[in-house]
Amino acid sequence: MIQKAMPTSRRTILKTLGGAAAVAAAGPSLFNVARAQAAPIKIGFPVPLTGPFGTEANDQVKAAQIAVKQFNDAGGFEGRMAELLVRDDRLNPGEAATRTLELIEKDKVNFLVGSLSAAVQLSINNVAKERGVIFNSISQSDAINEAKDWSKYTFHEALNPHITAGAVGRYAFSKFGKKVAFLTADYAYGHEMVRGFKRAGEGMGIEVLADVRHPIGASDYSAFLPRIQALKPDVLVLCNFGRDQVVSIKQATEFGLKRTTKLVAPVLLFTARKAGGDSFEGVVGGSSYYWRLEDKVASAKAFNDAFRAANGGAVPSDYGALGYAGVRSVLAAVAAARSTDTDRVIEAMRALKYDWYKGPQYYRGCDHQSVQSVLILESKHKDMKNADDVFSIAAVEEPDEAKLRTCAEMGHKA
Amino acid sequence: MMAFPPELLAMQLVTGLALGAVYVLLAIGLSLIFGMLTVVNFAHGAFFMVGAYMGVFLYGLTGNFLVSLVVVPLAVGGIGLVVERFLVRPLYGRGIDYPLLLTFGLSYVFIEVVRILFGLNGLPFSPPEMLQGAVDIGIGYFPLYRLFLIAATAVVVLALWLFIERTAFGLVIRAGARDPEIVRVLGIDVSKIWLVVFGIGTGIAGLSGVLAAPLQGVAPEMGVPILAEAFVVTVVGGMGSLVGAVIAGLLVGVVVAMTSLFAPEMAKVSIFALMALVLLVRPRGLMGRAGLMG
């Protein structure tokens, strides 16, 4: 017993660092001797708490903690409580690999959920597959599900550029016109998005007037705009992210591009929209989630209410919601498998048909990509219900495996 | 490759000049401080960022952009005075790397303080109503605010030039830069001049922050990339030369604009290529003086 108690208290110290939910989960195991023997189910959660995506990452943590709390409130799994071990990956693949290895070796996590960048998730995935730990990624990437990076331990909860860009492209090209210009951040994410748009446009007969690549993290886009303006495209697709997106949209607006051209972004982030202000008006883009989905989808309402109750009325962001879904899927699979054994949980996850927060979803058999709906959002700055009501949902593309790249195309045997 | 009509090239030139305006303002401050104090101010980008935040904050309070334009340079310059008096001054005579490291660290402090006060995510900011929108300048539509930016920069440069070339205090500044020893012998307190110069330099950085805020909104990290670019401008223009900073600032702006048109991927690299080229031909920069780095 004493031997058992020792690591529990050492662990408690780690938990204090780990976050409030972890402490809450440790409570019963400290005071209840019988429960102290039931080891918690540990989920490692590396996200970039510091750095440019800190706001989104913190939202991911808050939402993930709700999934943990709901699981524990329902009694956990055979008395075993879930516990979230949050780590800062600092948006750095090397740092993420180190933290992940620590989580696996030192903290003995059962599962991994997390990441907020294409490069970081590949690095976490590498460590996880080497060590045989399930990793459910909650950030966009095309590569992670391709055969060369993928393993049976890899799950992908988030959308990927191919699905998102495809859905937005199909909507925008049919609605706003076929003459298209791209302004793209010159790195993997941008290229993947452009590829997605072009694929969606191929069958629709779009004409690409220009594909302008800008260096990532440029502070000024004015020099790229006159040429695009002179081409008078129907649609200008801005394949960039975060602050790049905020600044380029702002400057395109000031150049008066909106007079002739519809601005389209593959992904419209809730947080970026709030930082970007009014210049986003009328910009169309894709998203995995927007809180106003609650008007139509019951699970969205339930999730939002739980999030609001825990966070003083704030609504979850898109990436935040993925934190919730990522953790909930793993825990639901534990309950379904009646085990924390990795192979049995994998089987259970593969069999999940779930609706956690946005309508029905499931993981595709060959590559574990979550097949799900894509929301097409349009930014507004009028008729807002409150300060968080920044988008209207223009369309929803329902979950459809046919919209994904085929298993063979991803290098998997079907 | 498509042909580029002359209107587009002209438009690109104007765009480049507007871009260059921000570079000019930043490089002037940097160059002024280096030229007089031989301090390489790595906190310059942070002063720029602090100025931008102050401008946005004040605009929120007063609703008057002019107030921001007047108050912020004074306030940021005030911070500069304090920094020079209590942090930089003890380091004079210790070699160029001491103040460099100090200001480098200081920039992180400023960024972190702003993150704590205003959050990690930037704040949106638009030009004031009067300067919003695009106007037809004969070759196409161009944002009115960017035209204002070119004009504002011209005014600042002119004012600074008159101050340094035409006032008694400016004369002392120039003398102090050329030979502090003699100026001291003549009974002038050189440390006071240095204090004022540091204040003016940082004040201009603050002003350029306010002027740049409507272009891109504000974010805690906004000063980081622009500092690197401002250094390139000062090096191209010649460390310590004001005329050089103005010429190089506009040159860099135009070079960025033109590469953005012909080879967009190269836009960021182009200014470094330009720097390498200039340094090969003129190791001291376009208008640099000898011996400053010695």
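Here is how names work: the chains are called A, B, and so on, in the same order as the sequence lines, proteins then strands, and each is numbered from 1.
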[X], [atom1]: over 12 other non-hydrogen atoms inside 6.0 angstrom:
{"X": "A:Asp383", "atom1": "CG", "result": "no"}
{"X": "B:Phe57", "atom1": "CZ", "result": "no"}
{"X": "B:Phe118", "atom1": "CZ", "result": "yes"}
{"X": "B:Tyr108", "atom1": "OH", "result": "no"}

Search all heavy atoms of B:Leu8 against all heavy atoms of A:Ala230 and return the closest pair with its distance.
CD1-CB, 4.4 Å
Note: B:Pro264 and A:Pro215 closest approach over all heavy atoms is O-CD, 4.0 Å
Among the listed options B:Arg146, B:Met258, B:Met222, the residue most often paired with chain A at heavy-atom distances under 4.5 Å
B:Arg146
Top contributor to chain A contacts, counting heavy-atom pairs under 4.5 Å, from B:Gly16, B:Ala219, B:Gly140
B:Ala219
Answer whether the closest heavy-atom distance between the side chains of [X] and [Y] falls below 4.5 Å.
{"X": "B:Met11", "Y": "A:Gln229", "value": "yes"}
{"X": "B:Gln216", "Y": "A:Asp220", "value": "no"}
{"X": "B:Pro127", "Y": "A:Glu254", "value": "yes"}
{"X": "A:Asp278", "Y": "B:Ser126", "value": "no"}

Checking [X] against chain A: side chain, backbone, both or neither under 4.5 Å from a heavy atom?
{"X": "B:Tyr145", "result": "neither"}
{"X": "B:Val218", "result": "backbone"}
{"X": "B:Arg115", "result": "neither"}
{"X": "B:Gln132", "result": "neither"}
{"X": "B:Leu215", "result": "both"}
{"X": "B:Pro214", "result": "backbone"}

Please classify the contact of A:Ile228 with chain B as side chain, backbone, both or neither, using a heavy-atom distance under 4.5 Å.
neither
So, does [X] use its side chain to make a donor-acceptor pair with the main chain of [Y] at under 3.5 Å?
{"X": "B:Lys268", "Y": "A:Ile216", "answer": "yes"}
{"X": "B:Gln12", "Y": "A:Ala223", "answer": "yes"}
{"X": "A:Lys250", "Y": "B:Pro124", "answer": "no"}

May I have the step-by-step check of side chain to side chain contact (heavy atoms under 4.5 Å, CB included) for B:Glu221 and A:Arg243, ending in yes or no?
CA-CA 10 Å; B:Glu221 299 81 13; A:Arg243 190 163 161 72; 5.5 Å; no
Kindly indicate, with the supporting measurements, whether the criterion ring pair (Phe, Tyr, Trp, His ring centres under 6.0 Å) is fulfilled by A:Phe255 and B:Phe142.
CA-CA 6 Å; A:Phe255 265 82; B:Phe142 195 75; 5.6 Å; yes
Distance check, rounded to the nearest 0.5 Å: A:Gln251 atom CD versus B:Thr15 atom OG1?
10.5 Å
Dump the intermediate steps for side chain to side chain contact (heavy atoms under 4.5 Å, CB included) on A:Arg213 and B:Met266, then the final yes or no.
CA-CA 9 Å; A:Arg213 304 278 159 103; B:Met266 298 293 166; over 6 Å; no
